[in-house]
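A note on names: the letters A, B, ... follow the listed sequences, proteins ahead of strands, and every chain is numbered from 1. Below, each value reflects all heavy atoms present in this structure, side chains not excepted, and no hydrogens, waters or symmetry copies.
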Amino acid sequence: MRKNGVGGGAAAPHRPHFSGLFLCKHEVPEGNILMTNQEIAQIFYELADMLEVKGENRFRINAYRKAADQIASHPRSIADVAAEEKLQDIPGIGKGIAGSITEILETGQLDDHRKLRQEIPAGVTTLLSIPDVGPKTAKLIWESLGLKTIDEVEFAAQTGQLQKLKGLGPKTEQNILAGIERLRARQAEPTRVLLGDALPLAERLLAYLREHPAVQRADAAGSLRRRTSTVGDIDLLAASDDPRSVTDFFVELPEVGRVHIHGDTKATVISHTGLQVDLYVLSPEQYGSLLQHFTGSKQHNIEFREIALAQGLSFSEHGFKREDGSLITCETEEAVYGTLGLPWIPPEIREAQGEFATARDGRLPQLIEVSDVRGDLQMHSTWSDGRAELGEMARAARDKGYAYIAITDHSQGLGIVQGLTPERVREQRAEIDQLNVELAPFRVLAGIEVEIRVDGSLALPNDVLEALDIVLASVHSGMRQDRETMTHRVVTAMHHPHVDIIAHPTGRLINQRERLNLNFDAVLQAAQETGAILEINASAERLDLDGEHARAAIEAGVLLSLGTDAHSVGGLDAMPLGVAMARRGWAEAKHVINTRPLDDVLELLNRTD
DNA sequence: GCCGTTTTCGGCCCGACTGTTTTCAGTCG
């Protein structure tokens, strides 16, 4: 788990930067400044960092961080929420922070933040991004040596100045130097790792651990288990009666580049690929509490422990402690939640977004499972930019157990690939018809991923689209349009009579390209009006919609579809990632059209045979 | 600063590991 992951109170000075997705000029009340959720959140993160360096009340600091998390992950524009005077409906936002948000929206800044910034140079809070440098160390270095940048701290460490400070020694000085090196490596290779890349590495490491004779169980936890789109590190857990032998074994694995921490029950290593991997080991009878604790999220755990405290129980990874000091251990997570009278809560929704209240009321959703998915509704073949023949894709999908798929090659109008012309759509249809004879009862739907042109019109004529079984529409070019234009463009396409699904609706490519500048509320409204379906694109670099957007869609009564967007046979394996996003969005099978039998899907699309 | 099926005040999650220390502070998860 990365810095400030589960349970921590430490700073996380740098947050991934989001696009201006949630901002819409014409919705902001007169006189307000254009601010994205991320920009607003950033002010509170910085405020928290500065207060921490000052040594202020840690609960106040945590309140700002919690509010910033809520703001950053809110699926709607905070400016819109503010305009509706609903800010205090958001958990963690009370009168004070609501007032601060209003001030930020009106003036573009926060006076408390501005004043503190005069007191504490911006550079000092950036020192918090160095591993092993927290607020106390940053303050010490700044006040005693006057250092304000990472470069200055690096030089001071190289020249032995840091170890002269009270409380620091030569080891710490070396750790800070190594930390700066790690930070630089991260910045050169900036990104968080894709869920789809981290999962295989975690599985390899787990396979080693499970072979160790003293290991009874091993699982991934943390954000990987919650299936966030990207992860900052990998958290692994093991059950063993001899934990030390397991951490000893772990730090010697071939994947390990460097050992950072190596204790009796925990070890932290850096893999050769630069990813941090943490291992925690406890006895089998404590495995349930270990799993719960390290799955997080941090805020979920805090709420969980508050509920425990209200029942006179203190909870940690070791189990529940009664007030008399006696321990209740839990071998399973079901027992952990059950001890507080709660049903087991799926990891994907442990984000402190209302899951406890829902669980208490017995209203937890029956989340969609991979096995619910009967067909894959987006994939490509050599007819456009895919690497496998249409027949190979179909047979591979059939062999995965699907009842149907949609072949959705690109249309003309997409410059970089050989998109289908009306003529070639008809040729492809003949091949699909032939395949359907061969593969029956498995069914290949003749589909298309048609370009939404810059004005919202589609790149194929109506009669061509009408003859297809399913039409996906998406934006691949002209992506820099302003918010109003882009929103109008997508909404116009949704109103097209032959468009069934908007593919990868927000257009993000994780770590590569920001989301489209789109008013998502307006997209949801258009979906309500037209019945258009929004895709959850399962390819690892898209995962679009993500959980937050999927949940907003479901709450708006909008239907979803799942497609891998596979461009090869191997690409079909991405479906569990898409299902994970759906689960993070609290989706049940009924919310996703391709959990339904083919006839029901065709009826929904008004294309019954 | 937030929050309330004990509370509008007085709480706010809990423990391992490391380094610099002679008993603990800082950082992290």
Would you mind reading off the distance between [X] atom [atom1] and [N] atom [atom2], rounded to a whole angstrom?
X         : N       : atom1 : atom2 : result
Lys298(A) : dC14(B) : NZ    : C1'   : 13 Å
Leu309(A) : dG4(B)  : CG    : P     : 15 Å
His262(A) : dC28(B) : NE2   : C1'   : 18 Å
Tyr280(A) : dC17(B) : OH    : P     : 10 Å
Ile261(A) : dT18(B) : CD1   : P     : 6 Å
Glu303(A) : dC14(B) : CD    : C1'   : 16 Å
Leu327(A) : dG15(B) : CG    : C1'   : 13 Å
Tyr64(A)  : dC12(B) : OH    : C1'   : 16 Å

Report, one line per pair, each donor and acceptor closer than 3.5 Å where one atom sits in a side chain of residues 82-95 of chain A; sequence neighbours left out.
from	atom 1	to	atom 2	distance (Å)
Glu84(A)	OE1	Arg76(A)	NH1	3.4
Glu84(A)	OE2	Arg76(A)	NH2	3.0
Gln88(A)	OE1	Lys95(A)	N	3.4

Side-chain polar contacts of residues 138-145 of chain A - donor-acceptor pairs under 3.5 angstrom, sequence neighbours left out - could you list them?
from	atom 1	to	atom 2	distance (Å)
Ser144(A)	OG	Leu140(A)	O	2.3

Which nucleotide sits closest to the side chain of [X]: [options]?
X         : options                   : result
Lys266(A) : dC12(B), dA16(B), dC2(B)  : dA16(B)
Lys321(A) : dC14(B), dG15(B), dC2(B)  : dG15(B)
Ser316(A) : dA16(B), dG15(B), dC12(B) : dG15(B)
Arg305(A) : dC17(B), dC14(B), dG1(B)  : dC14(B)

Short of 4.0 Å, heavy atom to strand atom, which residues of residues 84-91 of chain A count as contacting DNA chain B?
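By residue number: Pro91(A).
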Between residues 349-363 of chain A and DNA chain B, which residues have a heavy-atom gap below 4.0 Å?
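By residue number: none to list.
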Tell me, please, which residues at least two apart from Ile270(A) pass side chain to side chain contact (heavy atoms under 4.5 Å, CB included).
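Counting only residues at least two positions away or on another chain, Ile270(A) forms a side chain to side chain contact (heavy atoms under 4.5 Å, CB included) with Arg182(A), Arg258(A), Gln276(A).
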Partner residues of Lys54(A) under the side chain to side chain contact (heavy atoms under 4.5 Å, CB included) criterion, sequence neighbours left out:
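Listed in chain order: Glu56(A), Leu116(A), Glu119(A), Ile120(A).
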Distance-only side-chain donor-acceptor flag, [X] / [Y], under 3.5 Å:
X         : Y         : result
Gln161(A) : Thr159(A) : yes
Gln286(A) : Ser289(A) : no
Ser283(A) : Asp241(A) : no
Asp151(A) : Thr149(A) : no

[atom1] atom, [N] versus [M]: distance in rounded Å?
N       : M       : atom1 : value
dC3(B)  : dT8(B)  : C1'   : 9 Å
dA25(B) : dT20(B) : C1'   : 9 Å
dC14(B) : dC9(B)  : P     : 25 Å
dG11(B) : dA16(B) : P     : 25 Å
dT5(B)  : dG1(B)  : C1'   : 24 Å
dT22(B) : dC28(B) : P     : 23 Å
dT6(B)  : dC12(B) : C1'   : 16 Å

Mapping Gly92(A) and Gln311(A) onto DNA chain B by nearest heavy atom, which one lands closer to the 5' end?
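Result of the comparison: Gly92(A).
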Residues that Asp111(A) engages under side chain to side chain donor-acceptor pair (under 3.5 Å), provided they are two or more places apart
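In terms of side chain to side chain donor-acceptor pair (under 3.5 Å), with neighbours along the sequence ignored, Asp111(A) is linked to Arg114(A), Lys115(A).
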Quick one: list whatever passes side chain to side chain donor-acceptor pair (under 3.5 Å) with Gln163(A), sequence neighbours left out.
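For Gln163(A) the side chain to side chain donor-acceptor pair (under 3.5 Å) partners, ignoring immediate neighbours, are Glu173(A).
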Check every strand shown and say whether [X] touches a base, only sugar-phosphate, or nothing at a heavy-atom separation below 4.0 Å.
X         : value
Lys66(A)  : nothing
Ser314(A) : sugar-phosphate
Phe304(A) : nothing
Glu306(A) : sugar-phosphate
Phe59(A)  : base

For nucleotides 19-26 of chain B, give me every protein contact, N/O to N/O, under 3.5 Å, one pair per line with atom names.
from	atom 1	to	atom 2	distance (Å)
dG19(B)	O3'	Thr172(A)	OG1	3.0
dT20(B)	OP1	Gly169(A)	N	2.7
dT20(B)	OP1	Gly169(A)	O	3.1
dT20(B)	OP1	Pro170(A)	N	3.3
dT20(B)	OP1	Lys171(A)	N	3.3
dT20(B)	OP1	Thr172(A)	N	3.2
dT20(B)	OP1	Thr172(A)	OG1	3.3
dG26(B)	O3'	Thr137(A)	OG1	3.4

Check: residues 307-317 of chain A side-chain donor-acceptor pairs under 3.5 Å, at least two apart:
from	atom 1	to	atom 2	distance (Å)
Gln311(A)	NE2	Leu340(A)	O	3.3
Ser316(A)	OG	His318(A)	N	3.0

N/O (side chain, Thr265(A)) to phosphate O (OP1/OP2, dC17(B)) under 4.0 Å
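It does, given that an N or O in the side chain of Thr265(A) lies less than 4.0 Å from OP1 or OP2 of dC17(B).
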Distance below 4.0 Å between His260(A) side-chain N/O and dT18(B) OP1 or OP2
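Answer no for this pair, as no side-chain N or O of His260(A) is under 4.0 Å from OP1 or OP2.
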Across all strands shown, which nucleotide pairs with dT18(B) by Watson-Crick or G-U wobble geometry, both distances under 3.5 Å?
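Its partner is dA25(B).
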For residues 345-354 of chain A, dump all side-chain donor-acceptor pairs below 3.5 Å to protein atoms at least two apart in sequence or in another chain.
from	atom 1	to	atom 2	distance (Å)
Glu348(A)	OE1	Arg583(A)	NH2	3.4
Glu348(A)	OE2	Arg583(A)	NE	2.7
Arg350(A)	NE	Tyr337(A)	OH	3.2
Arg350(A)	NE	Ile345(A)	O	2.8
Arg350(A)	NH1	Glu333(A)	OE2	2.8
Arg350(A)	NH2	Glu333(A)	OE1	2.9
Arg350(A)	NH2	Glu333(A)	OE2	3.3
Arg350(A)	NH2	Ile345(A)	O	2.7
Glu351(A)	OE2	Arg226(A)	NE	2.8
Glu351(A)	OE2	Arg584(A)	NH1	3.0
Glu351(A)	OE2	Arg584(A)	NH2	3.4

Quick test of your reading: applying ring-ring contact (aromatic ring centres under 6.0 Å, His included), list the pairs with at least one residue in residues 110-129 of chain A, sequence neighbours left out, ordered by first then second residue.
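Those involving residues 110-129 of chain A do not exist here.
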Salt bridge check, Arg65(A) against Asp49(A): does any charged N sit closer than 4.0 Å to a carboxylate O?
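Yes, Asp49(A) and Arg65(A) are salt-bridged.
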